[in-house]
There are 2 protein chains.
Amino acid sequence: MAATATRTLESTVPCCAPVTESALSNDEATEFAKVLAALSDPVRLRLFSLVAAEGESCSCRLEGPLERSQPTISHHTKILADAGLIVGEKRGKWTWWRIEEDQLARVRRVLGGT
Amino acid sequence: MAATATRTLESTVPCCAPVTESALSNDEATEFAKVLAALSDPVRLRLFSLVAAEGESCSCRLEGPLERSQPTISHHTKILADAGLIVGEKRGKWTWWRIEEDQLARVRRVLGGT
DNA sequence: TCCTCCCATTGACAAGTCTCAATATAAGTG
DNA sequence: CACTTATATTGAGACTTGTCAATGGGAGGA
């Protein structure tokens, strides 16, 4: 399940010192690269910003703006969820997605943010 | 030339409002995804952090730690430079790389940083 | 000038990614 | 129990990416 799978990466990225301060290890770089890779696709970036802007969104509201098929949207939400960047909660037939602020803050911090 | 090519993306990403505030347009997302893609590879992340940690580094000092061939290192420095994340300066036989703090700060800002 | 060293480019291949059609699953509705 | 709806999974095709061997180009040294 997507919602629980996200916990995996969240906890295995404790994380590391900012890249601007000391060189990343191989493992740290591999872990962190996965999170950045999740954000490095135009469709996923827009998906992410749509969810963030709405506060919460079901998958069915994303197909239109993103102009992608339903399986493709599902594919992208899974990648973002696996990276710990969004979390899905099932309510009835719908899956509601929201962004995981903590993980986003972690990304900024590793990129030298405060 | 890498050093001047970096200016391209830097100026075409003015950039946009943080993803947490409003949905990105297609063009904004495409531009910004390129910058994130440059950072979404383990070897490039380590390369970037090595350069940052040293303040400055020539390519020849990267092959060892990164355990990649010379053409591969050159390939990665080019991608980071094209994304405006590092800048290379030729001094004699060597190319010295340093990170572009402004572009890194821009990335953090689009990701909701201050 | 010739040789060496550093870096960039080209070409090729394996592996990964994005996309959609088709299908499966799971929850509500009648 | 059918039937519809929302999402997930599978499979396949086109495209992209990471990698290295081979080669090219430019700068300095003998």
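So you know, we letter chains A, B, ... as the sequences are listed, proteins then strands, and number each from 1. A quick note: this is a predicted structure, and the numbers were derived from the prediction, not measured.
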OG1 (A:T72) and CG (A:L62) are apart, to the nearest 0.5 Å, by 12.5 Å
B/S/- along nucleotides 19-30 of chain D (protein heavy atoms under 4.0 Å) is BBBB----BS--
Practice item. Ignoring backbone atoms, establish whether B:R44 has a side-chain N or O less than 4.0 Å from OP1 or OP2 of D:dG18. Key: yes
Item to complete: May I ask you to say what A:S59 touches in the nucleic acid, namely base, sugar-phosphate or nothing, with a heavy-atom cut-off under 4.0 Å?
Response: sugar-phosphate
With sequence neighbours left out, the residues meeting salt bridge (charged side-chain N to carboxylate O under 4.0 Å, His left out) with B:E54 are B:R61
From CG of B:D82 across to P of D:dT17 the rounded distance in Å is 12 Å
dist B:S49:OG -> B:I99:CD1 (nearest 0.5 Å) comes out at 9.5 Å
When rounded to whole Å, the CZ to C1' distance for the pair B:R61 and C:dC5 reads 16 Å
To the nearest angstrom, the CG-C1' distance between B:L62 and C:dC7 comes to 12 Å
Contact check, residues 45-53 of chain B vs DNA chain C, heavy-atom distance under 4.0 Å, returns none
* **salt_bridge(A:R91, A:E56) N-O dist < 4.0 Å** => yes
Rounded to whole Å, CD of A:E63 lies from C1' of D:dA6 at a distance of 9 Å
So CG of B:N26 and CZ of A:R46: to nearest 0.5 Å the spacing works out to 4.5 Å
Exercise. Can A:D102 and A:R106 be counted as an ion pair, charged N to O under 4.0 angstrom?
Worked result: no
Here the distance between atom P of D:dA6 and atom CH2 of A:W97, to the nearest Å, is 16 Å
Solution key, residues 35-44 of chain A side-chain donor-acceptor pairs under 3.5 Å, sequence neighbours excluded:
residue	atom	partner	partner atom	Å
A:S40	OG	A:A37	O	2.9
A:D41	OD2	A:V43	N	2.9
A:D41	OD2	A:R44	N	3.1
A:R44	NE	A:A38	O	2.7
A:R44	NH1	A:H76	ND1	3.0
A:R44	NH2	A:A37	O	3.2

With sequence neighbours left out, the residues meeting salt bridge (charged side-chain N to carboxylate O under 4.0 Å, His left out) with B:E63 are none
Excluding A:W96, membership of its hydrophobic cluster (Ile, Leu, Val, Met, Phe, Trp, Tyr; side-chain heavy atoms within less than 4.5 Å) reads A:W94
Between CG of B:L80 and C1' of D:dT17 the distance, given in whole Å, is 14 Å
To the nearest angstrom, the CD1-C1' distance between A:I79 and D:dT7 comes to 16 Å
Taken to the nearest whole Å, CD1/B:I86 to C1'/C:dC7 is 13 Å
